[in-house]
Amino acid sequence: MPNQILKPLKGFLTLKYRIEVLTGLHIGGSKESIEIGGIDNPVIKLKTFKLNNDILSDVPYIPGSSLKGKIRSLLELAKNKPVDRFKKYQEEHKEDFKWDKAIEYAGKPCDCGECEICRLFGTGGDKVKEPIRLRFSEFYPTKDTIEMWKTYLGEVYTEMKTENVINRITSTAQHPRHTERVIANSIFEGDITFRVFEDDGKELIETLEKGIKLLEKDYLGGSGSRGYGRVKVHFCDYEWYSTKNEDIPQEIKQVLDNWKENTAICTKEE
Ligand SMILES: [Zn+2]
């Protein structure tokens, strides 16, 4: 007998968030479209973005995959998954232990298929035991944010940060690098859809919330050790869609009503 049995789907819970950028954010994009002598490190952008009746081009956004990957990796760190995997490798390779292989193995995502993290985010390979609960949307800038970019940045929508390596002897700056960033006070909106199955309690959704809190303590994108990518994640609203005309499970509704914010960031025009 398997220790987990597939449960029927009850409904879709759409969790609506707004991400407030507190310090310059750099989520790396492709260098393809950048001319020589330009930026060394561009941010990821949408080729086209519809705003009212206008089509804007090269608009920065936050990919759902970046958010999902970061939240998952922080939850795994908090649950000591890499430590456990390192120990497992050590035990299985007593005779032929190799540091690089151990680190590579320990740093991979959990693939047990049973823990809360695998149940929320999924697992590759043949250990899948139930459908993935979470789906992350892309996060797009709000209308107010695009107005702010136009006001302070013109039609470029980003800032350029120059960083140098200091020569230890002469104290002069060497090898300047130009990194593109989304400016502080930008706001991105999107949602995380949670597929609720029969008997799902509040535990899984509390794990997601814990991951979001960890993200706020850590950073999003690159160069977090240099102050980039601090964010605040605002939980603004939720919608329940039942596949069987049932109400949202009471236990889940309670935690969501408790988390829901009514801050200006949530109520501002989209
Ligand atoms: Zn797992």
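Nothing here was measured: the structure is a model prediction, and the numbers come from that model. Indexing begins at 1, ligand by ligand and atom by atom, following the structure's order.
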Side-chain donor-acceptor pairs under 3.5 Å in residues 75-83, sequence neighbours left out?
unit_1, atom_1, unit_2, atom_2, d
E76, OE1, C110, N, 2.9
E76, OE2, R72, NE, 2.7
E76, OE2, R72, NH2, 3.3
E76, OE2, C110, N, 3.2

What side-chain donor-acceptor pairs closer than 3.5 Å can you find for residues 86-103, not counting sequence neighbours?
unit_1, atom_1, unit_2, atom_2, d
K88, NZ, Y105, OH, 3.1
H93, ND1, Y89, O, 3.0

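Less than 6.0 angstrom separates the ring centroid of F49 from the ring centroid of Y140.
Ordered by chain and number, C110 SG, C112 SG, C115 SG, C118 SG make up the set of protein N, O or S atoms under 2.8 Å of the Zn ion (ligand 1).
Contacts of F136 classified as ring pair (Phe, Tyr, Trp, His ring centres under 6.0 Å), with partners at least two apart in sequence or in another chain: none.
Annotation for D257: atom CG counts as buried by contact number, over 12 foreign heavy atoms lying within 6.0 Å. Other residues, nucleotides and ligands place no more than 12 heavy atoms under 6.0 Å from the NZ atom of K202.
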